[in-house]
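Here the structure is laid out as structure tokens; the discussion comes afterwards.
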Number of protein chains: 2
Amino acid sequence: MIKGLDKIRISQFKKDLSNCVNVKEKTFYNKELILSYSPIKKQIGFITYGKANIVKTDKEGNTTIMRDLKENDIFSNLFFQDSEDEIYIISNEETKVIFIDYYTILKNCPKNCSFHNKLVLTLFDLLILDNKEQNEKIELLSKRSVEEKLLYFLKQRMNENHIFKVTTSYKAISEYLFVDRSNLMRELKKMEEKGLIERKDKWIKILDKEKD
Amino acid sequence: MIKGLDKIRISQFKKDLSNCVNVKEKTFYNKELILSYSPIKKQIGFITYGKANIVKTDKEGNTTIMRDLKENDIFSNLFFQDSEDEIYIISNEETKVIFIDYYTILKNCPKNCSFHNKLVLTLFDLLILDNKEQNEKIELLSKRSVEEKLLYFLKQRMNENHIFKVTTSYKAISEYLFVDRSNLMRELKKMEEKGLIERKDKWIKILDKEKD
DNA sequence: TATTTATTGTTGCAAATGCAACAATAGTTT
DNA sequence: AAACTATTGTTGCATTTGCAACAATAAATA
């Protein structure tokens, strides 16, 4: 899960955080607004528990899921562009988040504590991780067909037994892939006929046909 | 151009860099390999001059342009996933790059200099900027039609007079948008007929029809 | 439990897209 | 200048896609 950062370091990070800067952990329930764009209040959030989505709403009111966020993921309204579309972070279930004010990171620690530097370095690592995940999404969206998008998505998320369980909904997946839902269903059927996948309700087994 | 970081800070950053850690500025000419994926040598690059592309090549040999990079942009092989596809950074013209070894940033500065902390903070800011640009690319790719993709792309890059000059080629743009080139040309013609744009060779004028 | 709401599954159809193939230019090299 | 190469412009066509509309389930709520 966390490749670049080990768990010990993460848990130490959480402890250091409260030592060093003023942080508050907040709990959100399903479908609550965690953070939205703000040109003034720049915050970094760190998910300690649960799941959330970065959701975009354009001026016509169409919403799309930009990113999936999970435990140990970092996010910030710093990342959002000043745009016509509105971007929110919405909890997907009970979610706990630590908020860190951006400017308290930038300025030197008032307590001059040794944590501060470490804090920045860890945030740095987390940012790099986030960057990687964004790259992944760009790769996903670079796929030309729904089949390719879906296969990439599934392979990225399947377990050791090549099984992926739809925990959200097919609707949510279609939004994440930016494709039409009904077409996604049609494509799923085609892929099953082709022998690329097997499907039972919300379980999808990816049959690795691609050996070269 | 650089919104979050002012120019003074960037130029100070460059000076500090050479004071603090071992850096080398390298010059690349057109279409040279600047950086590729490496699980061992983790480097961060900072473009001081010129333009470059992040280019992906899949196992079938299809190449696509993942990102555009320009002066003051940051990049790193840290951002790349361990994947079947190969990712390179290629210069697009004469390009100067400062390389910083990732691990020299993480460990404390041997000289214990005050620059070190500032260095990390600036890198932090640059990473956030990069993150924003990635978000922009995700937004671009989230558009469903070629017309929408193209309009988003053009509006993002047009000057005050609503003019965009194709400095690279239409081919390169089609690769950047992950769409078929011939279709892009067709779409350009349609958009001209619709009165959305005006076009003369490599100049495109975006006519802002969208007033609500 | 009955009712309401959300999701899933299906299909016809028009529109958009990618592909292939080729001509016309523009740009480069010999 | 001639030859070569890369880019641009065009088109027909098969395929893919999104849209709309509706039925069948499943899930949530009264």
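Every chain is numbered from 1, with letters handed out A, B, ... down the list of sequences. Because the structure is predicted, anything quoted here is derived from the model rather than measured.
Side-chain atoms of B:Lys70 do not come within 3.5 Å of backbone N or O of B:Lys51 as any donor-acceptor pair.
A donor-acceptor pair shorter than 3.5 Å cannot be found between the side chains of A:Asn131 and B:Asn131. Side-chain contact check for B:Thr27 and B:Glu94: no donor-acceptor pair (N or O, by modelled atom type) lies under 3.5 Å. Side-chain polar atoms of A:Gln43 and A:Ser76 form no donor-acceptor pair below 3.5 angstrom.
Considering only side-chain atoms of B:Met185, the nucleotide from C:dT17, C:dG9, D:dT8 that sits closest is D:dT8. The A:Lys171 side chain lies nearest to C:dT8 when the options are C:dG18, D:dT7, C:dT8. Among the nucleotides C:dT11, D:dT17, C:dT17, the one closest to any side-chain atom of A:Ser145 is D:dT17. Closest approach to the B:Asn183 side chain among D:dG18, D:dT16, C:dT17 is made by C:dT17 (side chain taken as heavy atoms from C-beta onward). Taking the side chain of B:Tyr170 as heavy atoms from C-beta on, and the options D:dT8, C:dC19, D:dT17, the nearest nucleotide is D:dT8.
When the P atom of D:dT8 is taken as reference, atom CH2 of B:Trp203 falls 15 Å away, rounded to whole Å. Atoms CG (A:Asp180) and C1' (D:dA20) sit 10 Å apart, rounded to a whole Å. Between B:Ile204 atom CD1 and D:dG9 atom C1' the separation is 14 Å, expressed in whole Å. Between the C1' atom of C:dT7 and the CD atom of A:Glu175 lies a distance of 12 Å, rounded to the nearest Å. Computed from coordinates, the B:Lys190 NZ to D:dT11 C1' distance equals 13 Å when rounded to whole Å. Distance CZ (A:Arg186) to P (C:dT8): 17 Å, rounded to an integer number of Å. In this structure, A:Glu192 places its CD atom 16 Å from P of C:dT8, rounding to the nearest Å. We find that CD of A:Glu147 is positioned 15 Å from P of D:dT15, with the value rounded to whole Å.
For B:Val166 and B:Lys189, each mapped to the nucleotide of DNA chain D holding its nearest heavy atom, the one lying further toward the 5' end belongs to B:Val166. Between A:Val146 and A:Arg181, the residue anchored nearer the 5' end of DNA chain D, judged by the nucleotide with its closest heavy atom, is A:Val146.
Counting any heavy atom pair closer than 4.0 Å across all strands shown, B:Glu187 reaches sugar-phosphate atoms only and no base atom. Nucleic acid contact class of A:Arg144 (heavy atoms, under 4.0 Å, all strands): sugar-phosphate only.
Here B:Arg199 reaches the OP1 or OP2 of D:dG9: one of its side-chain N or O atoms lies under 4.0 Å away. Taking 4.0 angstrom as the limit, B:Lys202 places none of its side-chain polar atoms (N or O) nearer than this to OP1 or OP2 of C:dA26.
Comment: B:Glu133 engages B:Arg67 in a salt bridge, judged by a side-chain N to carboxylate O separation of less than 4.0 angstrom.
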